[in-house]
Structure formats: structure tokens, C-alpha cells
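Notes follow once the structure below has been shown.
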Amino acid sequence: MVPRINSGTALSLQTFERASFSGTGLACRRGGRLVFAGLTFSISSGEAVVLRGHNGSGKTTLLRLMAGLNRKSAGELAWNGAEIHDFEAHSALLRFIGHLDAVKPALTVAENLEFWRNLWGYPPVDVKQAAQRLGLGALADFPARLLSAGQRHRLSLARLLVAPAPLWLLDEPGNALDDASLQALAGIIADHRARGGMVVIASHGTTVVENGAPLDVGAFTNVSETHWSEAV
Amino acid sequence: MVPRINSGTALSLQTFERASFSGTGLACRRGGRLVFAGLTFSISSGEAVVLRGHNGSGKTTLLRLMAGLNRKSAGELAWNGAEIHDFEAHSALLRFIGHLDAVKPALTVAENLEFWRNLWGYPPVDVKQAAQRLGLGALADFPARLLSAGQRHRLSLARLLVAPAPLWLLDEPGNALDDASLQALAGIIADHRARGGMVVIASHGTTVVENGAPLDVGAFTNVSETHWSEAV
Amino acid sequence: MTVFAAVLKRDLSLAIRQSADTFTVLAFFAIATVLFPLGIGPETNTLARIASGVLWVSALLAALLSLDRIFAVDFEDGTLDQLVLCGEPLVFVVLAKTAAHWLTTGLPLIILSPVLAVTLHLPAQGYGALLLALFLGTPTVSLIGAVGAALVLGSRRGGVLLSFLVLPLYVPILIFGTLSVEAAIIGVSTKATLALLGALALFAVTLAPWAAAAALRQAAE
Amino acid sequence: MTVFAAVLKRDLSLAIRQSADTFTVLAFFAIATVLFPLGIGPETNTLARIASGVLWVSALLAALLSLDRIFAVDFEDGTLDQLVLCGEPLVFVVLAKTAAHWLTTGLPLIILSPVLAVTLHLPAQGYGALLLALFLGTPTVSLIGAVGAALVLGSRRGGVLLSFLVLPLYVPILIFGTLSVEAAIIGVSTKATLALLGALALFAVTLAPWAAAAALRQAAE
Amino acid sequence: MHRFANPTTFMRIANAVFPWAAGLAVVLFLAGLPIALVTSPPDYQQGDTVRLFYIHVPSAWISLLVYGSMAVSSAAFLIWRHPMANVSARAIAPMGATFTGLALITGMLWGQPMWGTFWVWDARLTSFLLLFFLYLGYIALADAFEDPERGDKAAAILAVVGSVNLPIIHFSVEWWNTLHQPSIVKMGGFTVDGSILLPLFLMLGAFTCYTVAVWVLRLRAELLAVKLRNARMSEVSLSRMPAE
Ligand code: HEM
Ligand SMILES: Nc1ncnc2c1ncn2[C@@H]1O[C@H](COP(=O)(O)OP(=O)(O)OP(=O)(O)O)[C@@H](O)[C@H]1O
Ligand SMILES: Nc1ncnc2c1ncn2[C@@H]1O[C@H](COP(=O)(O)OP(=O)(O)OP(=O)(O)O)[C@@H](O)[C@H]1O
Ligand SMILES: [Mg+2]
Ligand SMILES: [Mg+2]
């Protein structure tokens, strides 16, 4: 299930096979409460979906659900039209960037990137190139604990470049970034889509995606009755 | 040194005495590296300063230095023209909202706010009113652990309302907020200034302050060619 | 004083909200006390001989494990920055948090100790001295612990480092504590050792809060 | 297997980068072993009688303190989410992290133990059995510890709760460990107890990683 | 299986069982307590302390039974994800801990006159003590989390792991003891005659029925708590910024 990559290790040359990812009637319950229900989306190579909704509407929850980190309460997720059952295999097809950055302060920027590359088992891509792309080139050999909020966040974004995967799930990737970094990120996302990648992105305000299909997460109103309430 | 408040407990009626806060030739060294130097600013009642600069330029460092949390390496901070020596007393005049939100997940929204109010020793202001103002009214009696990223951040901002102080130091207060919350924040900041308050704010992109005087923090040096590279 | 009251109130209500915490310190105390007979063997005489030492060592280790929570959570979630900026001396914050720590760990440990003493066959004459010694010793444990906890804030592997810093300072408490119990058992006066424990407590209460406050301030930096 | 190698390599290089960590576990071991003579009194006979028990209990407590670090840091900084999404069975991650834990705590403890045994006057015949028993027992400690550490992820006061959960499960190791040493001292064959320790280790290595992986997966949720 | 996992069906059955269990418990206590505490003959050796027996043995018995049922329903919860299985385990755990505590206390009280000491590190006593710790661990873990659903799963895993470990603890403690020295006292060493058996069985029955009845009550309470939580939770959705 590892994505087929048509070319060598230079990041910009890789293209992904055509694929699609979709969800129908998704619902998620957290702590006994229904966060959203009836969400449907579909995305295929080169496309982007932008999740919108007020704070607390469930964007993070939806992204984690797409990654298989949260369990859905109803609905179906499908890859190339076939329902996903094996989330372990599914996770090899995606990269998830969440609110937490997974950066090890004691390791240098390059070492952090190397660990991620090794984790996903990719051939020795030059991690410095990835760091460069996010403006961390000069910092490659510095321990990550010295980074500022935005620099750390950029390091976490660089994870996208060291081990390619067709589906990117990004939770507010623009947070804490300065203008130059936002532009770099927009370029990276555009490249990914041009290579046949897919992007699902949650973001307020700042837009780093062009022509993304909006998906309103907050549109659904909550239902409090569950099968629990019938009992007793 | 506690700020004199001219009126009762209804938050919107309080006004602050005229005051000014300034810094001259500020420099800060962290981990042996000079983050910035030669920064000068001045702000008085009703004004706002907006810190700008690329990621890593030192905005957070400068805000913490203004609060007395970080030690300055050179320069002078002054309140009403007199140099500040007693940072304990100085801290009663300010509220600092940083990257970390200081929210206790096990306490409810209202209990969190009550703790902060008690901490600063203010008379029983209605904390629910503060919660309301930031759209957390319906959540007042819910444990903070259930909040989403944006809701938590709003709770941390509500701290500004439960115990007034003339100087607000805000580190990227717009992070993770949806549009409605950004508007509410802009309104709160405008009110504060109208009452004679001062605001220093670090932010990329989204602007929640009108007519803020820009202060370029990044103008001094850039991470890549700093003493770091000589040192190691 | 408003700061002291506010912090104490919040810490106690957090402790009540999360009563599992106090509970688990007690459980550790109990379990550590139980491990010794298991390691050493069940003979009543040997156990009675080492009972007071084992109780004291276990109580210290249990208290130790709870120390890192005194400040660590506040440090990690940014509350410490706010406490430093509260506009009043940080010593009040330290005193409030130490008092809360003692009320939620030291006191319950004292209450549990007689039960565990029974399982270790502590001779009957030792109980009074044990309780009194614990009562005088545990506040010092919390106070010294607060200094250690403040010092290791933000260091990697704070918990273990903390044990390492604080245990040597606990040695006098341990020695006078067990001596008191032993003295009571063989019928000698316990006044001297208990007085020393009291003196240690006074000493700690006058010095430790300042040291901890200084450590906290630089941890926030 | 790439996952196993990647995680093991990173954990070891983190441990080397932060060598204070291993060091403090050893220090705790040493200090706890030293507290007992202080609490109990210096008589050689009593000490020799309880030496193996004290060594084992201290080693377990020291290992215990280091357990919460197996997963806690990765959980808090979001690395765990990424590990769950690594596309290979989580059991490899658990095995790699347990191996790293044993290499950085269990092994150093074994190496230090003879020195501490000398200070406790352990009879000469006991040393071989002590080392062998520790060698067979400490991997089980790491494995069971990994299950406990995964279970308490994200709980309040994880560290203490962890001790509490894991200690009862350590009882068999403690018992067979000390029995082996005692048997060697009185000249009885140690085969049976050492074999039991080995069996426990096999049992743990086949079951614990799965339990820990299950706990990890739901912690990420 | 699925039919019983449905909370409504489950509760219907439980509610139907409740009056019987409660009624039977009352009857059996009324019958058993006077015999156990008053009319049964004092032991020729132990005198009236033998009466502790009628509380001690049923408590010990129930606490083992309860752990077994907890482990089984936790496994069911983990494998089939039936929430009711977990609610059931959570509801009964405090009962198990209480009875374990009761057995420990009555045993200790009994030990003082019998053995001259409250406690010995005997194999059965030690493994029973560790069972008590496992109970406490389960309860502490179950509510150690901000998110109650996580506590459910973690505690369930612990219950299952603990049950694997119980026999290991039991046998290891037994070997440890016999290798060191023979046990000071063998429990249950005295012959049990009919005058003791009748009150014993009455009390066993009473304790069992009482446990079942309280378990149903606690089930209701747990479900109500979940319902309350859900109701409170649904209001969280009103958390949008008010339109200005
Ligand atoms: C704290 C001390 C004690 C504990 C923890 C304890 C624990 C237990 C346990 C776990 C059982 C098991 C019941 C079963 O297997 O179904 C039991 C049964 C029993 N205990 Fe105790 N016990 C203690 C003290 C005593 C004492 C002092 C006596 C009287 C000399 C005693 C007499 C019995 C008898 C007669 C039984 C039932 C017969 C049997 O199942 O073997 N126990 N106790
Ligand atoms: N302990 C430290 N030792 C050395 N350098 C440090 C230390 N802490 C921070 N720095 C450096 O100080 C600089 C300023 O950091 P600061 O967090 O103030 O930046 P910032 O302007 O807030 O950036 P951002 O927009 O990303 O939040 C960064 O380049 C960072 O690498
Ligand atoms: N464990 C939980 N129990 C109950 N409710 C929860 C839990 N975790 C999250 N929630 C609720 O789920 C909702 C969705 O949260 P989520 O983090 O997905 O929102 P979001 O859209 O990402 O918001 P934001 O824009 O603030 O990041 C929130 O209302 C939150 O209160
Ligand atoms: Mg979110
Ligand atoms: Mg910053």
C-alpha cells in the first residue's frame, strides 16, 4: 500500500498515482457528545478541501478521523472508492500535521527530519533540502529547542517533504507563520497538488490553498440524544 | 502600585489613570546569542504598539522582557518616565497572554476565571460576564478540558477582563480564533484603549488593532548570520 | 495574602476534583511497604526489627514521587508565568502550594501509617512516636521538596533528577524519625530526636520558601 | 523493521544526548540502597540478611521511576500520533522503545548492582545469582512497565498512578529474584527460580507488547 | 450477546432481577444474621470470635467472584466494544474493593486472637492483599483521565492484564513462602461441622444477593451519570460567538 513513486529521490520530481479519497455521512462522537454528523466529501488527485467552521465545530476532530486517529461513529471513508478497513495501511498514504508539532527539542533540526524519514522508510532523501525549502537551511544543525514558535512549526511542516505521501491532512498550518513562510507553504502545497497529491486543510483566515473546495463543518447542529438516554 | 480604578465593578466603566510605558536601547541575549538590540519604543494611555518581524526575530522575547519575565541585557524600561527596578510591582500593572494558555483542564471555565480574579485580588467582578464577552457564556460551567483549540485560547484571553490592568502584552492573540472571535477581540482591545489602556501586541497577518504603531523587531539581525555560527 | 488564599484554594479544589491523586500516593506508600516483606521474607522478628526504617523510607519515597507535581503542571501550562506576574512576592505562592501539598499527601500518609505499621509488626510502644515524628517530619519533606521541584523545572527527566537532589536532604529527617521510633520502642525518651525534627521543620519553613521562590523566578525566565 | 530501527536509533541517541537521565536512575538506585542502612542501622548481620531484598526493591523502584518516560514525552509533543500513523504495526514501536528503555536503565542497573551489594555486605556466594537474576528479571520489568506507561498516558499524575499499577505485577519478579540470591547463599540450586524468571520474561515478551500497543492506540485517540 | 449488550434490554433484565435479589438478600440476612451472630454455637477453641467467620468467608468469596466478573466483562468490552460490558465492570468494581477490604479487616481482627498478630505474610493473605491493590488500581485508573472514555478503556486493559497476573502472583507467593519457611498457620485447618455450615451458606447467599442488588443500583447510577454527561455535553454546542 506504499504509494508508488515514479521517480528518484529529488522531491520535486515525484508524482503520485491517480487516487481519490472520500467520506460519506461521517459522524463523530466525543465524550458522549455528537460533534458532527452527515458530513460528506470527496477529493481526488490534485484537489484540495478547505475545512471551515467556528471554533469547536469539529475541524480537528474531522482531520483526525480522516487519519484514523479518532474513530468515526457513523459513515464511511473510502480510498479509490473502496471502503477503508485497514487504517494501518491507510496511514502509510497520508501525512498528518496537527496542533502538536512532534519536534524533539534535544535533536537538531536535521536529526528531527532524519528520524521522520527513517520512520516512514524512505530512501535517503536529502533532509537539508527540505529544511531549506522552509527557510530552516541555516538552522539545520541547531538543536530544535532554540527555535521560536514559528520556526518550530515550520520544522513540523518540513515533515511533509522528507517522506512523500499522496494525502496531506493539515490542521491550521498557517498558525504562527510569518508572511514569507506562508508563501513558501502555499508553494509547497501547490507543488504537491501539481504532482497529483491531495490536501485537506483546516484554517481560519489565512488561505494557503488556491481553488480549495470549501467544506463547512460547523453547519450541522448537535444532537444530544444517544442510545444511552433510552436506557435507565 | 495597584492601578487606581475610577469606578465600580462593571468592567466597561473602569478607566485608567494616564500613564506611559517606554523602552530605550533594549537588547536581549538568549542562550548566549543576541536576539535583538537597540530597540526603542514608547506608548501611553490609549495607544497600541504592534510588534512585527519574521519568525524568530524576537517578538516573544521582547514581550516577556516587557513583562519582566526575561532579563534584558541592555537598555532601560520606564513607567511614566521612571526606570523600572521593582518588577514585582510592575507586574501588577500588566496582563501577559503568551503562547501557553495557563488553563486548568479540570476546572470549569468559570472556575478558571475565578482563580485569576482572586489571584489579582479584585473585587467579585462577574466572571460569567467576561466569559460571555468571549463567546464562552454557554460553556461557563463546563470543564475546560472539553474546549477546542480556539475555545481554550478564548478562555485565556478572558483573563484580560476579570482583573483590569492598564498594560496588556499580547503574544499572537489572534491564533486559532475564528472570524467572530477576532471581531470580539478587536472590540475588547478598542474598549481597553478607550478606557486609557495600553496594548503591545505581536501578530502576523490578522490585525485586531487599529492605528497601532508598528515596531519592527526583525530589523536587527537574522538567525542565520548571528553569533551562533561563530560560537559553535 | 489574597495570593496565598487564591492559590491554596485552587490547589485544594484541584486535588479534590482529582482525588485519584492523593489516593495514588497512599497506594504507593502501601505498596512500597508491602514490597519489603516480599523481598526480605515473612519472619516476624526480622520485620519488627526493620519496621520503622521501612515505614520511613517508604513514606519518603511516596512523598518524593508526588513532588514533581507541585510546580511542574503550572510550569508546563504557562500558569507559572502568571503566578510570577501576580504582583505580590512569590514566597506566598510557594507557601500556598507547599501547604496544599502537605495537606493532600503528608497528612494522608500520617493517617495511613499505623495500619501499615501493623502489617510490619511494629512493636506497640512505637506507634505514638511514629505518628508524632511523621507529623513533625512531613512538613519539612514538603518544604525541601518544593525547593527541589522548583530547581528541576524544565530540566529533562525532572522526576528522577529531583529524587537525586532531594533524597540526601531527607537523610536527617529519616535518621531522627527512625531514631524517635526506636527510642520509644526500647523505652528511652524521644524528646531529643523529636525536638530535632521540630527544629528542622522551623529551619525549613524559614529558608525553603525563599529558595524555592528564587528557583521559580529563574525557571519562568 | 525500518520502524523498529528508526525508533530504537532515535531513542538511544536521545538517551546519549541526555545522559543525565540514565545517570539519575543509577543515582536513585544508589541512594535508595543507602537510605536503608540509615533507616535500619548499620549492623552487618541484619544488613547481610536483608541485602538481596533491599537491592531488588531499590532496583525495582529505580526502574519504576524511569518508566513514565517511555511514552509520556512522545505523547505530549504529538510524536505518538505520528508513530501510530507510521503505517506499520505499533508493536514494533513498543518493542523498540522497550528495548531502548532496557538498554538505558536495566543494563546500567545490573552493572552497578555488585558495587552496592558490597556496601550491604551481601555474602560472596550471592553475586553470581544476583547478576543472573537481574539479567533475566529486568527485561520483564521494562516490558510490564511499558504496558503500565501506555495505560496511564494522559492521566493526571501519571507517574504515581503508574507505580501503583505496576508494582503488584512486579511481585513475582521480586520474589523469584530474591529467592535466587537466597538460594545461592545457602548453597541450594538456583535453577528452578532462575528458570521461572526466564519463563516470566518469555511470557512478558509475547504478551506485553500487544497490550501496550492496544493501550497506545487508544491513548492517541 | 448483542441483545444483552443493548442498554435498554440489559437494563430491562437487570431491573427485573433487582426486586428478587434485594428481597432475597433481606430474607437471607434476616434468617442468617441471628443464627450467625447469636444462636450458632461458639467454637470450642475460638469462642465467639468464630462469628467473624460468617462475614469473613462470604466477603472473601464475593471479592474473588467480583474480580472474575470484572475481568470477563472488561474483555468483552475490549473485544466486542459493548459499552454495557464496561459500565457493568465499572459499577461493580467498588463493591469488589469494599468486600476485599472487609475480608482483610475481618481477617485481621480474627488473626489477632487466633495467631496473636493482626497480620502474617502468608501466601494467601499476601496474594489477597495484592488483589486489593489491583482493585484500587482499576478504580484509580478508571477516573484518572480528563476524558472518561479513555479511563474506560485503560481500566479494562488493566482488569484483563491483572487477571493474567493473579494466578502468577498466587503461586509465586506460595512458593516463596514454602521455600523460606513453612507458614505459621494454615487457614481453614479446622473441621467444619453442620452447625457452622447452615449460617455460612445463609450468609453466602445473602452477600451474593446483596451484591447483585447493589450492582443493579450502581448500574442505574452509572447510566444516569452518562446520560447527565451527555445532556451537559449537548449544550457545549452553544459555544459559537454570539452574533454581534
Ligand atoms: C487479614 C487476614 C486474612 C485474609 C486476607 C484472609 C483471606 C481469605 C481468603 C482470600 C479466603 C478465600 C476464600 C475462598 O478461597 O473462597 C479466605 C477463606 C477463609 N479464611 Fe481467611 N483470611 C484472613 C484471616 C483469616 C483468619 C485469621 C482465619 C481463622 C483462623 C481465617 C479463616 C478462613 C477460613 C476458615 C476460610 C474459608 C475456608 C477456605 O476457603 O479455605 N482467615 N480467607
Ligand atoms: N534559550 C535560547 N537560547 C538561544 N536562543 C534562543 C533561546 N530561546 C529562543 N532563542 C532564539 O531567540 C530568537 C527569538 O525567539 P522568539 O521566540 O522571541 O521569536 P518570535 O519573534 O516570537 O518568533 P515567532 O514569530 O516564531 O513566534 C529565535 O531565533 C530563537 O531561536
Ligand atoms: N473529549 C471530549 N469530550 C467532549 N467533547 C470534546 C472532547 N474533545 C473535544 N470535544 C468537543 O468537540 C468539539 C470539536 O472540537 P475540535 O477540536 O474538533 O474543534 P475545531 O473545529 O478544531 O475547533 P478550533 O477551531 O477551536 O480548533 C468541541 O466543541 C469540543 O468541545
Ligand atoms: Mg482545531
Ligand atoms: Mg513568538
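Just so we're on the same page: letters track the sequence lines, and every chain starts at 1.
Contact annotation for D:L200: only side-chain heavy atoms (C-beta onward) come within less than 4.5 Å of a heavy atom of chain E. Heavy atoms of D:A150 lying under 4.5 Å from chain E belong exclusively to its backbone. With a threshold of 4.5 angstrom between heavy atoms, D:L167 does not approach chain E through any atom at all. Using a 4.5 Å cut-off between heavy atoms, E:L136 contacts chain D through both its backbone and its side chain. Only the side chain of E:V164 comes within less than 4.5 Å of a heavy atom of chain D; its backbone N, CA, C and O stay farther away.
The closest side-chain heavy-atom distance from D:L61 to D:L64 is below 4.5 Å. For the pair E:L223 and E:M84, the minimum side-chain heavy-atom distance is below 4.5 Å.
Scanning residues 75-83 of chain D against chain E with a 4.5 Å non-hydrogen threshold yields no residues. For residues 169-177 of chain D, heavy-atom neighbours of chain E at less than 4.5 Å comprise D:L169, D:V171, D:P172, D:I175, D:F176, sorted by residue number.
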Please determine whether side-chain contact (heavy atoms from CB on, under 4.5 Å) holds for the pair D:E182 and D:T193, giving the CA-CA distance in whole Å, both sets of side-chain angles, and the decisive distance to 0.1 Å.
CA-CA 11 Å; D:E182 305 277 297; D:T193 47; over 6 Å; no

Please determine whether side-chain contact (heavy atoms from CB on, under 4.5 Å) holds for the pair E:I92 and E:S88, giving the CA-CA distance in whole Å, both sets of side-chain angles, and the decisive distance to 0.1 Å.
CA-CA 6 Å; E:I92 207 164; E:S88 161; 5.5 Å; no

Check the pair D:V181, D:L122 against side-chain contact (heavy atoms from CB on, under 4.5 Å), reporting the backbone distance first and the verdict last.
CA-CA 10 Å; D:V181 185; D:L122 184 78; 4.1 Å; yes

Passes side-chain contact (heavy atoms from CB on, under 4.5 Å), E:W121 versus E:L129? Steps please.
CA-CA 10 Å; E:W121 290 96; E:L129 182 64; 4.2 Å; yes

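Nearest heavy-atom pair across E:A103 and E:H56 is O-ND1, 3.1 Å.
Ring planes of E:H82 and E:W80: parallel class, angle under 30° (limits at 30 and 60°). Using bins of under 30°, 30° to 60° and over 60° for the plane-to-plane angle, the ring pair E:F207/E:F99 lands in the tilted bin.
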Less than 3.5 Å apart, which donor and acceptor atoms pair up between the side chains of residues 128-147 of chain D and the rest of the protein, not counting sequence neighbours?
| residue | atom | partner | partner atom | Å |
| --- | --- | --- | --- | --- |
| D:T138 | OG1 | D:W102 | NE1 | 2.9 |
| D:T138 | OG1 | D:L134 | O | 2.7 |
| D:S142 | OG | D:H101 | ND1 | 3.0 |

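Between the side chain of E:Y67 and the main chain of E:L166, no donor-acceptor pair closer than 3.5 Å is present.
Within the structure, ring-ring contact (aromatic ring centres under 6.0 Å, His included) contacts touching residues 34-56 of chain D (residues at least two apart or in different chains) are C:F36-D:F36.
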